[in-house]
Amino acid sequence: MTLQFPFDNSYARLPDRFYTRLAPTPVKKPGLIAVNEALAHELGLDPQALASDGGLSVLAGNAVPEGADPLAQAYAGHQFGGWVPQLGDGRAVLLGEVVGQDGARRDIQLKGSGPTPYSRMGDGRAWLGPVLREYIVSEAMHALGIPTTRALAAVTTGETVVREAPLPGAVLTRVARSHIRVGTFQFFAARGDEDGLKALTDHVIARHYPEADNALELLEAVIGAQARLVAKWLGVGFIHGVMNTDNMAISGETIDYGPCAFMDRYHPETVFSSIDAYGRYAYNKQPDVAVWNLAQFATCLLPLMEGGRDKAVADATEAVHRFPALFQAAWLEVFRAKLGLETVEDGDEDLIDDLLNRMAAGGADFTNAFRGQSDGTARDAFENSALYDEWHPRWTARLAREDTTPEARQSALEAANPALIPRNHRVEQAIQAAVKGDLDPFRRLTQALANPYELKGENKDLTAPPTAAEVVRQTFCGT
Ligand code: AMP
Ligand code: MG
């Protein structure tokens, strides 16, 4: 049982000013919470070796594995629209990259691994709550079919971190196609570092968008990926919560599970994050914020675009302006599937909007209202079921024009509408129990959420919306 990472560290081969080389800071007493076996296999790693004492040392940052080239990445970003010229991995270290069984290159990063030159006022650590939250939610997103960073492992540190109170420290091993963000491009653009921008662009094209021939094509590809991603978020009621430009991955994966949350009761303006006082990152604002972020990305790429400044601005503007149409098409695809529609009709958008408006007015649980379409229980997800009943004949009439069997439709509806999502109160309960030393609720939740489209009898209680006492009204940044 030797732990061997087949590292090949392409980011570490980029110029020195892209990062600061440093090892994770060792912790007092590592303790294993979880190793993600399925992901370990995908990466070509031995899960047993990861869970061994030697593996635990690596996952806690106490040992640097052979072939790693640990570093903290530099980036910048707009946080809530305000420009911050210097951010960077303040509590994370990239160990290196491995090329998995599927041929895909992925970063292996420790999050909560100690201070770095980019820590600013922070301690470089994470407490158990956000680590478990990211583990649960990012793995759930993956199982829901949504591009996302993953969680390979979680460990405790045996150390206390001080937040509002003293809390148990933890480290998450995050896996991502890369950790390159819009803010990484902004870091170099803001410094007028065209060579850096060029090196980063070439790296990103080779790594993520090999079909792109130039900066404009890269921009177009990233815009398409983000349009599809945000449409998928809306399809499961996901609210990212902190869509700052440093939290938007160029790869098109969901990244940074801080104050994120899934809606129980549907309302388009829902906000959970305690620091999002003006609802900048509300559920229904996410497509607009994506455009805002992509405009920042486009601006960074202007110096690399061909044909002179005016042409570059015109081309970039046109590309960014295509986002709303791309998003709308992706959104329609997601929601058509959620209603079991395989064909395309002009009135579909209106039919979907009508349902969503009624869900908002009728106090419907988002997940159960859609899942309930497959077994006739959708109306039960409404506080005011009459609003659903009035809509239902419209849907039936539309379905009559689809050529499919009832059995095939039911499977299609089940495949498009999850029974299980990581409901906030369940995530909260899992964290509270773990703080007291009981990992069972965490294990149960992660296990159930690995198959969110399949409802086993024993998981029925996980589909229930929170009771009044269980409702989580606010979520907090994962610091
Ligand atoms: P986030 O809100 O997670 O997107 O983080 C924003 C910035 O704050 C990033 O540069 C993080 O590395 C940094 N940061 C967040 N939490 C900590 C912490 N506990 N210690 C040091 N830096 C942190
Ligand atoms: Mg971040």
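A quick note: this is a predicted structure, and the numbers were derived from the prediction, not measured. For ligands, and for the atoms within them, numbers begin at 1 and follow the listed sequence.
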Which ligand 1 atoms are under 4.0 Å away from a heavy-atom of D246?
-> 4 (O)

SB check R443 D440 (cutoff 4.0 Å) | yes

Logged contact type for Y118 with ligand 1, heavy-atom cut-off 4.0 Å, is neither

Numbered in order shown, the ligand 1 atoms found under 4.0 Å of a heavy atom of Q79 are 6 (C)

G124 neighbourhood, listing ligand 1 atoms whose heavy-atom distance to it stays under 4.0 Å = 18 (C), 19 (N), 20 (N), 21 (C)

Which residue from R91, Q86, M121 reaches closest to atom 3 (O) of ligand 1 through any of its heavy atoms?
-> R91

Enumerated ligand 1 atoms positioned under 4.0 Å from heavy atoms of R120 = 7 (C), 8 (O)

Using distance alone, decide if ligand 1 has a nitrogen or oxygen within less than 3.5 Å of any nitrogen or oxygen in L87.
-> no

Honestly, for R163 the part within reach of ligand 1 (heavy atoms, under 4.0 Å) is side chain

Is it true that D461 and R444 have a side-chain N and a carboxylate O under 4.0 angstrom from each other?
-> yes

Near N247 (heavy-atom distance under 4.0 Å), the atoms of ligand 1 are 4 (O)

Does ligand 1 have a heavy atom under 4.0 Å from the side chain of R125, from its backbone, from both, or from neither?
-> backbone

Y257 ring center within less than 6.0 Å of Y135 ring center = no

Run through R105, R207, H208 and flag the one making a side chain to side chain donor-acceptor pair (under 3.5 Å) with S178.
-> H208

If every non-hydrogen atom of V58 is compared with every non-hydrogen atom of L110, which pair is closest and at what distance?
-> O-CD1, 3.5 Å

Near the Mg ion (ligand 2) (cut-off under 2.8 Å), count of protein N, O or S atoms = 2

Mind telling me whether F238 and H240 have parallel, tilted or perpendicular rings, with 30° and 60° as the class edges?
-> perpendicular

Proximal atoms of ligand 1 relative to D256 (non-hydrogen, under 4.0 Å) = 1 (P), 3 (O), 4 (O)

Would you check, one step at a time, whether the test side-chain contact (heavy atoms from CB on, under 4.5 Å) holds for F366 with M359?
-> CA-CA 8 Å; F366 183 86; M359 282 169 58; 3.7 Å; yes

Residues at least two apart in sequence or cross-chain that pass side chain to side chain contact (heavy atoms under 4.5 Å, CB included) with A261, listed by chain then number, are F272, N424, T475

Salt-bridge test for E428 and R133: reply yes if a basic N is under 4.0 Å from a carboxylate O, no otherwise.
-> yes

Residues that D102 engages under salt bridge (charged side-chain N to carboxylate O under 4.0 Å, His left out), provided they are two or more places apart = R106

Short list, please: which atoms of ligand 1 are under 4.0 Å from a heavy atom of G88?
-> 9 (C), 10 (O), 11 (C), 12 (O)

Hey, is N244 touching ligand 1 through its side chain, its backbone, both or neither, going by heavy atoms under 4.0 Å?
-> neither

Within less than 4.0 angstrom of ligand 1, does G258 place any heavy atom?
-> no

Assess V242 for proximity to ligand 1: is some non-hydrogen atom of it under 4.0 Å away?
-> no

Residue pairs passing the side chain to side chain donor-acceptor pair (under 3.5 Å) test where at least one lies in residues 267-283, sequence neighbours excluded = N244-Y281

Identify whether NZ of Lys or CZ of Arg in R191 sits under 6.0 Å from the centre of the six-membered ring of F187 and within 45° of that ring's axis.
-> yes

Any ion pair linking R426 and D264 (charged N to carboxylate O, less than 4.0 Å)?
-> no

